Every structure is written in structure tokens, then in C-alpha cells.
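Lettering follows sequence order; numbering is per chain, from 1. On a predicted model such as this, the values are computed, not experimentally measured, just so you know.
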Amino acid sequence: MDMKSVESKWQQRWEKTKENNFNKKDTDRKYYVLEMFSYPSGAKLHVGHWYNYGPSDTFARFKRMQGYNVFQPMGFDAFGLPAENYAIKTGIHPKDSTEQNIATMEKQLKAMGAMFDWSAEIKTCEEDYYKWTQWMFLKLYEKGLAYRKEAPVNWCPSCNTVLANEQVQEGCCERCGTPVVKKDLTQWFFKITDYAEELLAGLDTLDWPEKTKLMQKNWIGKSVGCEIEFACESGDTFKVFTTRCDTIFGVSYVVLAPEHPLVKKLTSDEQRAAVEEYIEKTAHTDEIERLSSAREKTGVFIGHCAINPVNGKKVPIYAADYVLYSYGTGAVMGVPAHDERDFAFAQKYGLPVTKVIENKNGETILPFTEDGICVNSLQFDGRFGEEARTEIANHLTKLGKGERKVNYRLRDWLVSRQRYWGAPIPVVHCPKCGIVPVPYKDLPVRLPYDVEFKPDGKSPLAKSEAFMHTKCPHCGGEARRDPDTLDTFVCSSWYYLRYADAHNAKEPFDTETVDKMLPVDKYIGGAEHACMHLLYARFFTKALRDMGYLHFDEPFRSLVHQGVILGPDGNRMSKSKGNVISPDEYISVYGSDVFRMYLMFGFSYTEGGPWNDDGIKSVAKFLERTERLVRRSFEEHGDEMPFAAAEKELNYVRNNTIRQITRDLEVFSFNTAVARLMEFVNALYKYDGIQEKSVPFLQECVKDLILLIAPFAPHFAEELWEAGGQKYSVFDQHYPVCNEKALIREETEYALQINSKIKGKLMIGKDMPREEIESLVLSSDLVKPYTEGKVVKKFIVVPGRLINIIV
RNA sequence: GCGGAUGUGGCGAAACUGGCAGACGCGCCGGACUUAGGAUCCGGUGGGUGACCAUGCAGGUUCAAAUCCUGUCAUCCGCACCA
């Protein structure tokens, strides 16, 4: 088959008949299959795109043939840094290069022959999309979920610019290699932490890979504990957070993060010089190093003491950078006997180590960090673990010195970017009115084309007077726009909603429509987004729900991660390694059906693995072999024959194939599904080769074969379907359904074991009672030599599988 | 350091709730058809080749373990002083 012409023939036909367009009127049977949209950084589709979209399309087509009204849209995550960096390097404007790339990719995606509904296409860099991204920002702002505060950002002193976290590699600027420093800037944040608990709890309701759920869970990092107030000699108080209030009698010092405001206030004159030096030093230590747990703990005594609220003991206060100001209260109680970090710190600074928890079974080696029995803890002696914590927490509450508290590791989402190629933040800074949101009617705040985006330390937009200069929407006075743009993850946090109502000019989406179309039934994309996009999108959905714009809790009910196709050398494909495989040459030789089918057959979908094209020819061979069989069978003539053993056998294989493929596709096991197709074709060849065959039956099986293969090789199947004189389109047919009766066999082959070792095979009738099996087996010539003169101790029958005789 | 995953022929990989390890294919070997085959079709293919040994390694549970348990090694991924 000349795949090239066949593929373009059917692609044109599908487009003309709008075969792939979703029928919006029939949402009862809707099935929303979504692949993570493309980032148009390179001009061409790479193997990774194919691996994401090809097999997913097979799944989508399968669902469609099962009778679902499948919606499978595609679009482009078009804002972002690579386009801007490319522009800085080459001088080509991000808008121009992005549009160019999108045009190429669209063409290639169409040539792939996937059933994308292009009528719902989205490009996030277009005004009619980012207008609504800005709308989202304003809604979150109104709801109190967007706020501004000063925060440290990554700053490259050589490039003179702010870098996104993704651009920082091992503490250095990815472009010039200069160590990145922290700089405080006022930034916009989304209050994702308000949803920490729900984001955590909701994970249980999702059909997602366990690993991904666990990653989100750890990322959110819930810890339940206690906030305890310590008073200082000066009368000032501060709180510490601990998950181990049962160790409070073992406190031998307390630590404040160097940034803690009380450090400056409480430091004694004698210690001032040392403390200031320490603070100075830690401020210059970069984040990466400071956060390394392997690093030796350092700190300094501030010359002031605090009082343990449970026993009145005076303990020294230290400033130490192993305590993070950004987590909990920025202060910690030091219990060397029962915390490894505190132990190391106490050793270094000669602080006392007081054992207050003992191991249940006697031996207690310090530091002992597990739950144990309280000792040296006054009235709480003898209490164990959780019980001790409860009692001590209650005691502290009664004293007014503590309360239970839940802390999360999750931080608010910093969305400001001092970059050009993104959606402008729709607020105005007015000298009189302060921060004023841009009125909805004035959206979008247009991203100007003519901007100097070469980095020099300022947001590129700040240099565009035409952009910056505006009137305050509130008082009408002179005002300035916000020069920052939104993180591109904001754009991708709601695109799955826009797809459902892509052309709505009045609002981002219609609530009723979205309620019907969402959640996404199957979401397919890379695992690298586990703690970013996949978390942000969940947050957006929940926030929009609370504002009444939609009425479901989770955007993606079921999620699958494809694996990664590595270079032939086993490393990640990268230009610098020179191991990048381009799909194009394979496609020009074999066509898109063969290529996608090979991706399905040669790898375990969720595993991926090193590229190897040995098998690609075999898939081409398989399709050719299939075609020969199909075409030959169409030309054959003959009468119906009695349904004898050969027909029964073929019918068994046929129905078993249907059953297995249906099962395999449901769980994205494409490689085994293709294997089943091959088995079926082999069985058809075998049947075709016999003398007395029933041609009508053969043709009936061949018809099933075409239907079965259709989701895997869509153009190929469509062509054969037409060649068989069937009516267009093969995708409007129902996928074959397994006839369970055909799978019942009169006799099944059992494995025969003596003392658990395989000795032979045996045919056993399907309804044979156990006693009969037993006597039949024991009297068979196969078994006799093993049982003669021995006692049969046990006789095990596993129905349909094996018989094990223990002698 | 913590958390998770993976480890099966020469290769890519299969194996439902423990039940015939290696489906399907690549490669290789043999045969058929051929002037020829790198096309096609058919057969064989874990190792030794005797009733034995084989799922990273060492134990354990079981009539039966790739699968469950304990320990251990290797590789990959995520988090990385979160109190």
C-alpha cells in the first residue's frame, strides 16, 4: 500500500466530512480525551510528541468506536521563555517565531492523522485567549486569592535579569553559568495554600498513577503538630512549631532563623558583632548550599535566653540557618536527644543532651527519633507516643502556651515574571489609588509587539512607554501599568476548560457547557508536571468552583503518563548529546500509521526506553502481511461450510483477540494489544491455508480484523474498509464485541505436575467433576510410573490450568 | 539522607487475583518457492541438551513464587535541614 497517498487521501476526506469534529449536541455519551498541549519551542514534532499523541489517539479512536462521542482537542501552550531566549539569541521576535513554529507543527500534527478536533484549537498567546487568562487573574484577585508581597527571586548578575526557577541549573544561570543570587522584589502570588488541605484530600478520589499522587502529597507536605509559645527573659514571646511536643522536656536550646525579627532585637551587646557577622554570612550563602542537609550545622548564640513553658527552665537562644524562616514559625525548639539535626548542633556547640523518650525494648541509642515512652517528663512519664503528645498538647493549651497546628510545606505560587513573552498582569499602579485592577471591559491588556526584550535588569515591558503609560481606571489620573507578565503555567491552568467552549467571545467559558463536558475523562502527558501544572490546574478548578463558575471538584478524573523515549545510547535525547531521533525520515519511508504502531508495539507505554528501530520494519511487514490477507480474502469465492473444528478454533482466536484488545486498550497496554492483532492475523493465515474452508466465515473474520486494527492504523484500516466495499467510515462502525460463548472450549489442556514438577500435559473436559478427573489422571499412563508403590498425599486441581499430585 | 519505581533470553518485551516463565516480535538457524532473495510462506530457537538449571543476589512462607515476606546489591526518578 502506498501509505503516503493513502494517508493524505483519508486525511482530506476526514477533514471534508468533519469526521473528527465533536458533536456538541450529544454530551450524554461524551468522552473527553486530552493530551497535554504542545509547547512550540522547536519547529518540528519530535519523537516525544508522537509518543504522547499517537497511542493516545489510538485510545481515543477505540473509545469512539465503542460508541462514545469523543472530544479530542489540540492546541499550543505558546507563551514562554524558550521563544524569548531564542529571540534574544537571533533577534527574531517571539511572536513571529512562535507563529512560524505553530504553523509547522499544525501541519505535522494534521499529517499524523490523529482525530483532533481542530475546530476547538487554542493558542495561549492569542488575544482572545490571554484576555481570559487576565480575567482569571482578576477573579482570583477579587476573591483574595491573588496578592502582592516582597519575595526573593533568582537573579543572574551577569545577564542582569531575573530567571525562572526552571532556568536555574545547579545554582547557576543556564545561559552564562554565573551563580544565581537571591534578590528581593515585590511579586504577585496566588494563594494556593488556601487549598492545601483540599488538594491533598482530593487525591484519594483520583484515578491517577500512585506515584504522581504521592509526589503531590509530599509536595503539599502536611504535618500535624503543635505551636508552642516560649517567653524570653526580655518579656518578648515567640512561637515554635513542632510535631514532637512529647519531647518538650528535653529542650536544651531554641533556634530562630537568622531572618527572624527577634534576632536583632534580643541580641546582647557582647554577642552583637558575632551575630551580625553570622547573618551577613548566611545571607551570602546561596540557597542551594544552605538547603543542603549534608552541610554542617552552624549557628550563633545571641546572648539571650528563653523559658521552657512546661518546666520553667532557662535555655539559650541561637540563630542558625538550618531553621527556615519561611516554614512554620521560623523558630524551633532544640531537642538534641530526639532529633538528628539538633543532636549534631548540640554536639558542635556543647549543649546538653537530655533523654526524655525511651525505646520500648530497653536500649535507647541517642538520638532516638522514634516514638517511645516519656521519661524525665514529670507527670507525663510513662506515656507513649501519640498519647503523650495529646496530653502534653492539652496541658499547653490549658496553660495558654500552645495549640495544635497543621503546617504545609506547600508555598504560595509566585506568578510574576519579569519577562516579555507572556500575558501582561492586568493591574494599574496609581499614585493616588494604589493597585487598581483593569476593568473587565478593558481586557485584554495587549502585549505590545514593539518592545526591547533584550535583558538589562528590568522587565522588558517597563521600557515600553506606550505600554506603561495609562490612566487610572479609578480616579482617571496618570498611572503606570504592571510591567510583569504571568507565569505560563497560569495559561495552562485552565486551557482544558476553554477547549470545551473555545469560541466564546463573552466569557472564558459557559458554565453549563463546561459542567457537561468536564472533567476530562482521560488526560495523557508527561510525569514531569506532577507538582506544577497538575497541581496548579487542580487549584484553578477548585477556585473557579468556589466562585460558582463550574460545579465539579477535579479537572482530570483519570491520568496516564507516557514514558520517555530515550536516545539510542540510553540518555535523554538532546541536541548537545547528538542523540536526537527525528520521526520525519521514518515517516517519509513508512508512513505515520507504521510509525505510531511501532511506538505502541516496541515499548511499554508508561515505561518508554531507548530508541531502537529494529522493530519498525516488522510493523511495516505486519501491515503488508495483513493487507495481502485481507485483499486475497475479498477476492475469494466459496460457500458456507459446516462449522467444524478449524472454524471453532479461528472463532476462538477471533473472540479472544477482541476480548484481550478491549482489555489492553482500557489500560494503555498497547504493546500487548498489537501482539494480539498479530496472533489473529497468524491464525487467519493458518485458516486461509486449509483446503476446506468457509469463505464467508473467513470474510466475516477479516472484517472484524479491519475494525480491530482501525484505532492502531487508521488510514490503513479506512483504505481496506473501502476496498472491501464497506461504507464510509470505518470509525462510524462499532468496535467488535467479544462473544463469550466462542471462548468456551469442550476440552482444556491442563499441565500435569508430580510433586510440583511439570511432567506433561493432559486434555480435560470442561464440566468434568473432580472425582472423575482424579480417577482419570491417576489411571493415565503418564502418571502411573510416578505413583506406583507410592501414596498420593494430595491432589490439587486448579480449574483450567493444572493438576498437581503430591506423592 | 528520605520517599518511590525498576531489575526476566542475544535484543524490545509478555505473564489475570501466587498456578505450564519467556506471549508477540526482532535477530539467528533450517526448509519451501525461486535465475536470485535483502521478497514471501512454513518450521525451529532460554541454558545444558538425560529424567536438571533458570526471572539482580541471599534466605523464608507455600503443594506451587517473576509475583507474597525479610535482608542485600544495582540503576532510574522525585524531595532534599519542612522541625
Within the pair [X] and [N], is there a side-chain N or O less than 4.0 Å away from OP1 or OP2?
X: A/Arg628; N: B/A39; value: no
X: A/Tyr327; N: B/A83; value: yes
X: A/Arg625; N: B/C42; value: yes
X: A/Asn612; N: B/A13; value: no
X: A/Ser604; N: B/A14; value: yes
X: A/Thr672; N: B/A23; value: no
X: A/Lys794; N: B/C63; value: yes
X: A/Asn671; N: B/A14; value: yes

Taking the [atom1] atom of each, how far is [N] from [M], in whole Å?
N: B/U17; M: B/C26; atom1: P; result: 29 Å
N: B/A32; M: B/G37; atom1: C1'; result: 13 Å
N: B/A5; M: B/C69; atom1: P; result: 11 Å
N: B/U55; M: B/G10; atom1: P; result: 13 Å
N: B/A23; M: B/G9; atom1: P; result: 13 Å
N: B/U6; M: B/U67; atom1: P; result: 12 Å
N: B/G50; M: B/A15; atom1: C1'; result: 29 Å
N: B/C52; M: B/G59; atom1: C1'; result: 22 Å

Could you give the [atom1]-to-[atom2] distance, from [X] to [N], as a whole number of Å?
X: A/Phe603; N: B/C26; atom1: CZ; atom2: P; value: 16 Å
X: A/Glu210; N: B/U6; atom1: CD; atom2: C1'; value: 17 Å
X: A/Ile616; N: B/C11; atom1: CD1; atom2: C1'; value: 16 Å
X: A/Glu627; N: B/U40; atom1: CD; atom2: C1'; value: 14 Å
X: A/Arg411; N: B/C79; atom1: CZ; atom2: P; value: 14 Å
X: A/Leu410; N: B/C79; atom1: CG; atom2: C1'; value: 14 Å
X: A/Asn218; N: B/C77; atom1: CG; atom2: P; value: 18 Å
X: A/Lys621; N: B/A39; atom1: NZ; atom2: P; value: 7 Å

Name the closest nucleotide to the [X] side chain, picking from [options].
X: A/Ser756; options: B/A64, B/U40, B/A23; result: B/A64
X: A/Met678; options: B/C24, B/U40, B/C20; result: B/C24
X: A/Thr242; options: B/C41, B/A83, B/C26; result: B/A83
X: A/Leu214; options: B/G3, B/C63, B/C24; result: B/G3
X: A/Val323; options: B/A23, B/A83, B/G4; result: B/A83
X: A/Ile758; options: B/A21, B/C24, B/C26; result: B/A21

Looking only at heavy atoms, what is the nearest atom pair of A/Ser574 and A/Asn579, with distance?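 Looking at all heavy atoms of both residues, the closest pair is N-OD1, 2.9 Å.
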Between A/Met3 and A/Gly591, what is the shortest heavy-atom contact and its length?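 Closest approach of A/Met3 to A/Gly591: CB-CA, 4.3 Å.
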Validation row: A/Ser756, A/Ile806 side chains within 4.5 angstrom (heavy atoms):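 Sidechains of A/Ile806 and A/Ser756: in contact.
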Lys NZ or Arg CZ of [X] over [Y] ring: under 6.0 Å, within 45°:
X: A/Arg654; Y: A/Phe680; result: no
X: A/Arg745; Y: A/Tyr652; result: yes
X: A/Arg409; Y: A/Trp219; result: yes

RNA chain B stem ranges, 3 or more consecutive Watson-Crick or G-U pairs under 3.5 angstrom: B:1-7 with B:73-79, B:10-12 with B:24-26, B:27-32 with B:40-45, B:56-60 with B:68-72
B/G43: syn or anti, per glycosidic angle within 90° of 0: anti
Sugar-phosphate, base or nothing in reach of [X], heavy atoms under 4.0 Å:
X: A/Gly221; answer: nothing
X: A/Glu607; answer: nothing
X: A/Asn755; answer: nothing
X: A/Lys405; answer: nothing
X: A/Phe601; answer: base
X: A/Glu340; answer: nothing
X: A/Arg659; answer: nothing

Aromatic ring proximity, centroids under 6.0 angstrom, [Y] and [X]:
X: A/Tyr590; Y: A/Phe595; value: no
X: A/Trp611; Y: A/Tyr586; value: yes
X: A/Phe668; Y: A/Phe670; value: yes
X: A/Trp413; Y: A/Phe189; value: no
X: A/Tyr253; Y: A/Phe345; value: yes

Check this for me: does the side-chain of A/Lys761 come within 3.5 Å of the base of B/C20 through a donor and an acceptor?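 Per atom types, the contact qualifies.
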Only one of A/Thr242, A/Asp371, A/Thr243 clears side chain to side chain donor-acceptor pair (under 3.5 Å) with A/Arg389; which? A/Asp371
Could A/Glu666 and A/Arg663 be called an ion pair, given the rule that one side-chain N must be under 4.0 Å from one carboxylate O?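 Not counted as a salt bridge, because no side-chain N and carboxylate O are separated by less than 4.0 Å.
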Could you walk me through whether A/His561 and A/Thr606 pass the side chain to side chain donor-acceptor pair (under 3.5 Å) test, one step at a time? CA-CA 6 Å; A/His561 295 307; A/Thr606 53; over 6 Å; no
Residues from residues 798-807 of chain A sitting under 4.0 Å of RNA chain B, heavy atoms only?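 Correct list: A/Val798, A/Arg801, A/Leu802, A/Asn804, A/Ile806.
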Distance-only polar pair, side chains of A/Tyr687 and A/Glu649, donor-acceptor under 3.5 Å: no
A/Tyr327 side chain to A/Ser223 side chain, donor-acceptor N/O pair below 3.5 angstrom: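 There is such a pair (donor and acceptor under 3.5 Å, judged by atom type) between the side chains of A/Tyr327 and A/Ser223.
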How does protein reach along nucleotides 49-54 of chain B, written 5' to 3' as B (base within reach of a heavy atom under 4.0 Å), S (only sugar-phosphate), or - (no contact)? --S---
